[in-house]
Protein chains: 2
Amino acid sequence: MAHKATIGFSESENQLARFAKALGHPARIAILKQLANMNCCFCGDIVEELPLAQATVSQHLKELKESGLIHGNIEPPKVRYCIDQVNWEKAKKLILELFTINLSTL
Amino acid sequence: MAHKATIGFSESENQLARFAKALGHPARIAILKQLANMNCCFCGDIVEELPLAQATVSQHLKELKESGLIHGNIEPPKVRYCIDQVNWEKAKKLILELFTINLSTL
DNA sequence: CGTATTCATCGTACATTTGCGATGAACAAT
DNA sequence: ATTGTTCATCGCAAATGTACGATGAATACG
C-alpha cells in the first residue's frame, strides 16, 4: 500500500506539486536555467554543461517534458529544447500564489 | 551506482532543488497553504484536513521541517507548526530568480 | 500510579527516482 | 551500403519516497 498521491487534493495543489517535483533536482534546475538564459538549446549543449551521462540527461529532459515545462523539436540530427512559455507562466503563477498567501497577516 | 545529486551543481541550484522537492507533493502543498493561511497550526488540525493517516502527515511535516520551510514548537500536549519566514522568503526569492531569467528576451 | 491525549518514530511493503552502459532509431554524408 | 552523429530507450542496480499500523515518548489529568 503506497501512493494515493493526488487523490483527495485539489487540482491546483496537484498541478503545483507536479511542477515543483520537476524542479526538485539540481540537474533539472540547471537545465531550466540554461534554457531560460538561451531561450532554446540543443540537447548536446545541455549534456556538455552537466556532470551527467547522456542517458541521464535525456531522462531529466523527458521528465521536464512530461511536466510540461519544456518541449523539444527535432531538427536533424539534433533536438532543440525550449521552455514552454504557457506552462512556465502557469507554474510561476501557481507558485507565486502559494508564496503570497500570508503577506498581509504578518 | 546512483545518486550523486548535488555534486557538481552550484549551491543555489542545490538549495532551490531542495525547496522545490519539499513542494513536490500535494500533501505538502496543502500543509503549507494551511500554515500560510492561518500563520500557525497545531499538528492535529493539519491531520484533520488531509486524507492521510497521522503517521503519514507526521512524515510530511518532518520533510518540510528538514527543508527549512517550516518549524514546530511543542506546546504540550500539542505541537504548533509555523512557516519559517526566513527560509520561506529565501525560497520565494530563489524561485522568482529562476522564473524571471528570460523575461526580456521574449 | 494509571489513563488519556498528542505526536514522533519504527518497521514494513511497495512505488518511484536516479544513474549508467548498452543498444536502438533516425538521419546525413560519404 | 557503410559510417558517423545525435538522441531516446531499455535493462539493471541502488537509493529515495510514500503510506500505514503499531509502538514509543512526553505531558496532563484523574
Side-chain angles (χ1 to χ4, degrees), chain A residues 1-9 13-14 17-31 34-35 40-67 69-82, chain B residues 1-9 13-14 17-31 34-35 40-67 69-82:
Chain A
M1 248 154 286
H3 284 203
K4 319 188 194 180
T6 79
I7 320 171
F9 300 98
E13 283 166 350
N14 287 329
R18 275 193 297 271
F19 284 140
K21 195 171 186 179
L23 298 175
H25 191 289
R28 294 193 290 269
I29 295 289
I31 290 171
Q34 193 176 353
L35 290 183
C40 277
C41 271
F42 291 117
C43 175
D45 302 332
I46 297 169
V47 172
E48 276 180 6
E49 293 293 320
L50 298 181
L52 296 170
Q54 181 264 324
T56 308
V57 173
S58 200
Q59 229 170 254
H60 283 303
L61 287 167
K62 186 183 177 187
E63 286 176 55
L64 285 170
K65 257 193 298 182
E66 285 170 355
S67 78
L69 288 173
I70 71 173
H71 52 78
N73 299 327
I74 302 177
E75 299 184 16
K78 300 191 172 186
V79 177
R80 182 187 295 274
Y81 282 100
C82 306
Chain B
M1 246 153 289
H3 283 204
K4 325 186 191 181
T6 82
I7 320 172
F9 300 99
E13 283 166 350
N14 287 329
R18 276 194 297 272
F19 284 140
K21 197 170 185 176
L23 299 175
H25 192 289
R28 294 195 290 270
I29 294 289
I31 290 171
Q34 193 177 353
L35 289 182
C40 277
C41 270
F42 291 117
C43 175
D45 301 332
I46 298 170
V47 173
E48 278 180 5
E49 293 293 322
L50 298 181
L52 296 170
Q54 180 263 326
T56 307
V57 173
S58 202
Q59 229 170 252
H60 284 303
L61 287 167
K62 186 184 178 187
E63 287 177 54
L64 286 170
K65 258 194 295 181
E66 284 170 355
S67 78
L69 287 173
I70 71 172
H71 52 77
N73 300 326
I74 301 176
E75 297 184 17
K78 300 191 174 186
V79 176
R80 182 188 296 273
Y81 282 100
C82 306

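The structure displayed is predicted, hence computed values, not measured ones.
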What is the distance, rounded to the nearest whole Å, between atom [atom1] of [X] and atom [atom2] of [N]?
X	N	atom1	atom2	result
B:K62	D:dA19	NZ	P	16 Å
A:I31	C:dG19	CD1	P	10 Å
B:E75	C:dC7	CD	C1'	14 Å
B:H25	D:dG17	NE2	P	12 Å
B:E66	D:dT16	CD	P	13 Å
A:L23	C:dT18	CG	P	12 Å
A:I74	C:dA28	CD1	P	12 Å
B:R28	D:dT16	CZ	C1'	11 Å

When the nearest nucleotide of DNA chain C is assigned to A:E63 and to A:P76 on a heavy-atom basis, which residue is associated with the more 5' position? A:E63
Straight-line distance of [X] [atom1] to [Y] [atom2], nearest 0.5 Å:
X	Y	atom1	atom2	result
B:D45	B:K78	CG	NZ	6.0 Å
A:E66	A:K21	CD	NZ	11.0 Å
B:N14	B:T6	CG	OG1	5.0 Å
A:F9	B:L52	CZ	CG	4.5 Å

Got [X] and [Y] here, is their nearest side-chain heavy-atom distance under 4.5 Å?
X	Y	result
A:H71	A:C82	yes
A:Y81	A:L61	yes
A:R28	A:L69	no

Just one of B:H25, B:E49, B:H60, B:E63 clears the side chain to side chain contact (heavy atoms under 4.5 Å, CB included) bar with B:I31, so which one? B:H60
When you check the phosphate oxygens OP1 and OP2 of [N], does a side-chain N or O of [X] lie under 4.0 Å from one of them?
X	N	result
A:K21	D:dG17	no
B:T56	D:dA19	no
A:H60	C:dG19	yes

Of the listed nucleotides C:dG19, D:dA8, D:dC20, the one nearest the side chain of A:Q59: C:dG19
Of the nucleotides D:dA8, C:dG19, D:dC20, which has the atom closest to the B:A55 side chain? D:dC20
Under the side-chain contact (heavy atoms from CB on, under 4.5 Å) rule, what do B:I46 and B:L35 come out as? Steps first, then yes or no, please. CA-CA 9 Å; B:I46 298 170; B:L35 289 182; 4.1 Å; yes
Angle between the two end axes of the helix from C:dC1-D:dG30 to C:dT30-D:dA1, five base pairs per end, rounded to 10 degrees? 0°
Give every pair of a protein N or O atom and an N or O atom of nucleotides 4-6 of chain C that lie under 3.5 Å apart, one pair per line with the distance.
residue: C:dT6; atom: O4'; partner: B:P77; partner atom: O; Å: 3.2
residue: C:dT6; atom: O3'; partner: B:P77; partner atom: O; Å: 3.2

Return whichever of B:Q54 or A:R80 has its heavy-atom-nearest nucleotide of DNA chain D closer to the 5' end. A:R80
Quick one: does B:S67's side chain have a donor or acceptor within less than 3.5 Å of a partner on B:L64's backbone? yes
